[in-house]
J.: 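Sending over a structure as structure tokens; questions will come in a sec.
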Amino acid sequence: MKTDWNRLDKDLSKEIKSYGTIRAKKALETILGDTWIEDAVQKATEYNAHSSELAMDCLRHISSVKAAKIAYQIYLNDTNNDRKSMAVWLIKQLAVEESYEWIEDFLNDQNVMVWGIGVLDQLLWCEIIDYEDEKERVDYLFELSLNNSNGALKENVDFIKSYLHERENHRE
């Protein structure tokens with residue numbers, strides 16, 4: 001496979017103005033192509049399938065927004081609860097900003113709520129979502145997770161709140 005770097009740079013410049021990791025991930029997503037990403041998501045979301053972890057590791061490396069959107073569609077449309085759960089687990093691993101909008105869906109689903117709080121945890125931990133900017137919604141999501149899980153996710157919520165509090169204290 002030969003890459004036309006000049007063309008790729010020109011195309012990406014229309015979409016992403018800065019250089020660095022975000023641009024590199026988008027370039028890799030483009031080079032690998034839709035078919036590769038779709039195939040990798042299909043493999044990564046096969047419960048206990050041989051090589052599914054390898055596919056997931058490759059997707060995690062590029063943090064593909066496209067892969068997260070495909071996984072979200074699997075979550076929404078698949079009838080197999082194990083596959084839906086694997087799709088949300090993959091979304092957690094990808095940690096893309098777009099997944100922040102889906103967390104409420106996950107927290108309202110008993111089958112995946114533990115991965116739903118995991119998605120929120122990952123986005124906050126990686127500082128993809130800024131707690132101070134999103135405090136009202138994040139606190140709402142904490143309450144939703146506690147209510148919908150009948151307190152079963154309290155340890156998860158307390159852990160997240162603890163490191164957010166520590167992070168804030170280190171910044172002062």
J.: Distance check, rounded to the nearest 0.5 Å: N80 atom CG versus E46 atom CD?
T.: 10.5 Å
J.: With a 4.0 Å cut-off on N to O distance, would you call D158 and K161 a salt bridge?
T.: no
J.: Are any of the side-chain heavy atoms of D109 and Y75 separated by less than 4.5 Å?
T.: yes
J.: Mind checking what makes salt bridge (Lys or Arg N to Asp or Glu O under 4.0 Å) contact with K66, not counting sequence neighbours?
T.: D34
J.: Give the cluster check for I16 versus I31: same hydrophobic cluster or not, with ILVMFWY residues linked at side-chain heavy-atom distances below 4.5 Å.
T.: no
J.: Compare every heavy atom of S99 with every heavy atom of L123, then report the nearest pair and how far apart it is.
T.: CD1-OG, 3.6 Å
J.: Less than 4.5 Å apart, side chain to side chain, heavy atoms only: is that true for N156 and S145?
T.: no
J.: Identify all side-chain donor-acceptor contacts of residues 35-43 below 3.5 Å with residues at least two apart in sequence or on another chain.
T.:
| unit_1 | atom_1 | unit_2 | atom_2 | d |
| --- | --- | --- | --- | --- |
| Q42 | OE1 | R83 | NH2 | 2.1 |
| K43 | NZ | H50 | O | 3.3 |

J.: Strictly by modelled atom types, are N108 and N148 linked by a side-chain donor-acceptor pair under 3.5 Å?
T.: yes
J.: Please find the pair of heavy atoms, one from I103 and one from G116, that lie closest to each other, and give the distance.
T.: CG2-O, 3.8 Å
J.: Does a sphere of radius 6.0 Å around CD in E127 hold more than 12 heavy atoms from other residues, nucleotides or ligands, not counting ones at 6.0 Å or beyond?
T.: yes
J.: Would a distance-only check, ignoring hydrogens and angles, find a side-chain to backbone donor-acceptor pair under 3.5 Å from N111 to N81?
T.: yes
J.: Do L146 and E143 have side chains that approach each other closer than 4.5 Å (heavy atoms only, starting at C-beta)?
T.: yes
J.: Could you check whether K26 pairs with E29 (Lys NZ or Arg NE/NH1/NH2 to Asp/Glu carboxylate O, under 4.0 Å)?
T.: yes
J.: Could you report the tightest heavy-atom contact between V96 and S63, atom names first, then the distance?
T.: CG1-O, 3.3 Å
J.: Holding to side-chain hydrogen bond (donor to acceptor under 3.5 Å, both in side chains), I want the full list of residues that pass it with D133, two or more places apart in sequence or in another chain.
T.: none
J.: Is the distance from the ring center of W115 to that of F106 below 6.0 Å?
T.: no
J.: Taking all heavy atoms of E134 and all of I129, pick out the closest pair and write down the distance.
T.: CG-CG2, 3.7 Å
J.: Taking all atoms of both residues into account, what is the closest heavy-atom pair of A87 and T45, and its distance?
T.: CA-CG2, 3.7 Å
J.: Donor-acceptor pair, R167 side chain versus W125 backbone, under 3.5 Å?
T.: yes
J.: Does the side chain of Y100 reach to within under 4.5 Å of the side chain of R137, using non-hydrogen atoms?
T.: yes
J.: Are side-chain heavy atoms of Q122 and Q93 found at a separation under 4.5 Å?
T.: no
J.: Less than 4.5 Å apart, any side-chain heavy atom of V88 and any of Y72?
T.: no
J.: Quick one: OG on S149 to CD on Q110, what's the gap to the nearest 0.5 Å?
T.: 7.5 Å
J.: Donor-acceptor pairs under 3.5 Å, side chain of residues 3-10 to any protein atom, not counting sequence neighbours: which ones?
T.:
| unit_1 | atom_1 | unit_2 | atom_2 | d |
| --- | --- | --- | --- | --- |
| D4 | OD1 | N6 | N | 3.4 |
| D4 | OD1 | R7 | N | 3.0 |
| D9 | OD1 | R23 | NH2 | 2.0 |

J.: Is it the case that over 12 heavy atoms from other parts of the model lie below 6.0 angstrom from the CD atom of E155?
T.: no
J.: Other than L54, what residues sit in its cluster of Ile, Leu, Val, Met, Phe, Trp and Tyr side chains whose heavy atoms are under 4.5 Å apart, directly or through others?
T.: none
J.: Sequence neighbours excluded, which residues qualify as ring-ring contact (aromatic ring centres under 6.0 Å, His included) partners of Y140?
T.: none
J.: Tell me, do W102 and V119 make a side-chain contact under 4.5 Å, heavy atoms counted?
T.: no
J.: What I'd like to find out is whether the side chain of I117 reaches to under 4.5 Å of the side chain of D121, using heavy atoms alone.
T.: no
J.: Does any donor atom in the side chain of N169 or H165 lie under 3.5 Å from an acceptor atom in the other side chain?
T.: yes
J.: Which atoms form the tightest heavy-atom contact between A44 and L90, and what is the distance?
T.: CB-CD2, 4.1 Å
J.: With no hydrogens and no angle check, just 3.5 Å: does a side-chain donor-acceptor pair link D139 and Y131?
T.: yes
J.: Considering residues, nucleotides and ligands other than E97, do more than 12 of their heavy atoms fall under 6.0 Å from its CD?
T.: no
J.: Please determine whether a side-chain nitrogen of the Lys or Arg among K69 and E98 lies less than 4.0 Å from a carboxylate oxygen of the Asp or Glu.
T.: no
